[in-house]
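Taking it in order: structure first as structure tokens, then the write-up.
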Amino acid sequence: MAPAAASGGSSLPSGFAVFITFPDLLFIFEFVFGGLVWILVASSLVPMPLVQGWVMFVSVFCFVATTALLILYIIGTHGGEASWVTLDAAYHCTAALFYLSASVLEALATIGMYEGYTYKQYHENISAVVFSYVATLLYVVHAVFSLIRWKSS
């Protein structure tokens with residue numbers, strides 16, 4: 001009984017209750033840190049285009065999908081159906097895996113930048129790595145609590 005209570009119940013919130021229930025409150029932080037990753041990778045030099053292309057894809061995809069889900073939850077599109085709980089759990093598990101792969105690849109690209117790049121360029125990429133790992137952690141926590149909610153629904 002405690003996991004369902006900790007996750008805000010077995011159904012998805014509607015309206016502005018999204019901003020006060022856990023784990024749905026994490027949407028805001030996922031939005032902010034995902035946007036920071038997107039901005040930092042887009043503004044930095046690209047030493048490995050294919051690697052940082054994946055990082056950009058993941059950050060933009062998750063930013064847009066998180067925004068869309070947040071808006072759909074606020075307007076109550078889900079109607080309390082269990083299929084939306086499944087969608088929420090599946091999306092956050094996928095996003096967590098995508099962000100983990102993007103974080104590792106961005107760290108690899110940043111390590112490769114150590115020599116031959118300016119201090120500012122190197123530190124922009126370090127910031128992108130840090131924010132990428134924070135976003136990964138947020139998506140993992142959200143995925144865990146979404147799976148708990150899914151199991152109890």
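FYI, side chains are in, hydrogens and waters are out, and symmetry mates aren't considered; it's all heavy atoms of this structure.
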For [X], check side chain to side chain donor-acceptor pair (under 3.5 Å) against everything at least two apart and list the hits.
X: W54; answer: S101
X: T67; answer: none
X: T94; answer: none

Point to revise | Partner residues of I75 under the side chain to side chain contact (heavy atoms under 4.5 Å, CB included) criterion, sequence neighbours left out | key: L72, T77
Review point. Sequence neighbours excluded, which residues qualify as side chain to side chain contact (heavy atoms under 4.5 Å, CB included) partners of V141?
Key: F22, L26, L137, F145
Under the salt bridge (Lys or Arg N to Asp or Glu O under 4.0 Å) rule, what pairs show up with a residue in [range], not counting sequence neighbours?
range: residues 41-50; value: none
range: residues 44-56; value: none
range: residues 88-112; value: D88-R149

**Study point:** Nearest atoms (heavy-atom pairs only) where S43 meets E124
**Key:** O-OE1, 3.5 Å
Revision key, fill the gap. In short, T110 meets I126 closest at the heavy-atom pair CG2-CG1, 3.7 Å
Please set out all donor-acceptor pairs under 3.5 angstrom arising from side-chain atoms of residues 59-66, sequence neighbours excluded.
| from | atom 1 | to | atom 2 | distance (Å) |
| --- | --- | --- | --- | --- |
| S59 | OG | V55 | O | 3.1 |
| S59 | OG | M56 | O | 3.1 |
| T66 | OG1 | C62 | O | 2.7 |
| T66 | OG1 | Y91 | OH | 2.8 |
| T66 | OG1 | Y139 | OH | 2.6 |

Distance-only check: which donor-acceptor pairs under 3.5 Å involve side-chain atoms of residues 28-41, not counting sequence neighbours?
| from | atom 1 | to | atom 2 | distance (Å) |
| --- | --- | --- | --- | --- |
| E30 | OE1 | H92 | NE2 | 3.4 |
| E30 | OE2 | H142 | ND1 | 2.8 |

Exercise for review: Please identify each residue that fulfils ring-ring contact (aromatic ring centres under 6.0 Å, His included) with Y133, with sequence neighbours left out.
Suggested key: none
